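Notes follow the structure.
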Amino acid sequence: MGKPLKIALLVSGGGSNAQAIIDACHTGRIPVEVTVLGADRPDAGGLSRAAAAGIPTFVVDYKSVIYDTKKNPEGVVPEDFDLEDLMAKQALFGPDADRDRVKAFLQSRAAAESRLLEALAAYSVDLVVLAGFMRTLSPYFIDRVNTDPTLPKIMNIHPALLPSFPGIDGYGDTFRYGCRVGGCTVHFVDYGEDSGPIIGQAAFPILPEDTLEDVKKKGLAEEWRLYPACIGLFAEGRLQVTWGEGKEGQKPRKIVRIQ
Ligand code: GRF
């Protein structure tokens with residue numbers, strides 16, 4: 001058997017997805033090793049799950065980095081920060097967004113992300129897995145991880161059937177819209193919000209008597225199956241990102257083919 005794929009997990013919350021992935025690795029269901037888990041806050045529940053599994057952890061406290069950046073950007077923004085390059089690439093804000101606001105966002109993200117990169121550097125991971133990491137990543141981080149343009153190396157799980165309901169409350173938005181089906185999506189991360197090439201999706205019925213809590217419960221159960229399976233496909237080298245078919249008047253988008 002070849003070497004296992006080395007992954008890093010990034011979390012913000014309870015870390016039930018992180019746990020499902022750790023379990024899938026430990027039981028040998030996927031040829032993957034979780035080498036490190038990082039969090040954007042010191043009280044993230046995922047940290048203790050990793051520690052219990054003997055996995056090293058680190059914290060980049062985004063809240064304090066954002067605070068420090070507001071007070072003294074020059075003191076925290078990394079030396080290789082290129083505002084114009086990031087402005088041109090980022091797709092989180094529209095063209096009419098206030099320039100100063102976008103600049104402040106990119107400065108604080110690059111400051112935090114340079115710390116993430118520093119913490120990850122020691123582990124030379126093959127894949128960064130966002131497992132309930134509630135921070136959008138800027139091109140500063142994405143470009144430094146995705147060094148091969150044909151093989152993205154950052155995965156995310158989103159609690160809705162993308163491209164419907166991007167953003168922070170996928171299950172809530174699905175439920176409030178009155179959908180009869182909910183779901184979750186694993187995708188590669190690109191410069192936009194939940195907009196990268198889709199790797200896998202799982203769906204579940206929403207019954208008339210279901211509450212939002214029921215929807216979240218059903219969704220999470222699907223996430224715990226879907227995410228390890230998608231990471232397994234990556235580990236087996238079966239994911240290929242190619243250009244999809246263009247439709248007249250629309251730019252073609254990158255899609256994932258499973259081999
Ligand atoms: C999941 O629903 C995931 O889709 C979303 O945040 C939640 C994280 O849950 N991005 P957990 O921390 O893995 O339990």
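All of these numbers come straight from a predicted model, not from anything done at the bench. Both counts, for ligands and for their atoms, begin at 1 and track the order of listing.
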* Could you walk me through whether Tyr171 and Asp214 pass the side-chain hydrogen bond (donor to acceptor under 3.5 Å, both in side chains) check? -> CA-CA 10 Å; Tyr171 291 137; Asp214 296 326; over 6 Å; no

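Only side-chain heavy atoms of Glu223 come within less than 4.0 Å of ligand 1; its backbone N, CA, C and O stay farther off.
Here the CG-CZ distance, from Asp210 to Phe204, works out to 8.5 Å after rounding to the nearest 0.5 Å.
If you check which protein heavy atom lies closest to atom 12 (O) of ligand 1, you get Gly15 N, 2.8 Å. Nearest non-hydrogen protein atom to atom 6 (O) of ligand 1 is Gly132 CA, 3.7 Å. Scanning all protein heavy atoms for the shortest distance to atom 11 (P) of ligand 1 gives Ser16 N, 3.4 Å. Closest to atom 9 (O) of ligand 1, if we only count protein heavy atoms, is Asn17 ND2, 4.0 Å.
Under the 4.5 Å side-chain criterion, counting only non-hydrogen atoms from C-beta, Val65 is not in contact with Ser108. Between Ile255 and Glu245 there is no side-chain heavy-atom pair separated by less than 4.5 Å. The closest side-chain heavy-atom distance from Leu226 to Cys184 is below 4.5 Å. Using a 4.5 Å heavy-atom threshold, the side chains of Arg109 and Ile66 count as touching.
Ligand 1 lies less than 4.0 angstrom from a heavy atom belonging to Gly14. Ile157 counts as a contact of ligand 1, since one of its heavy atoms falls under 4.0 Å from the ligand.
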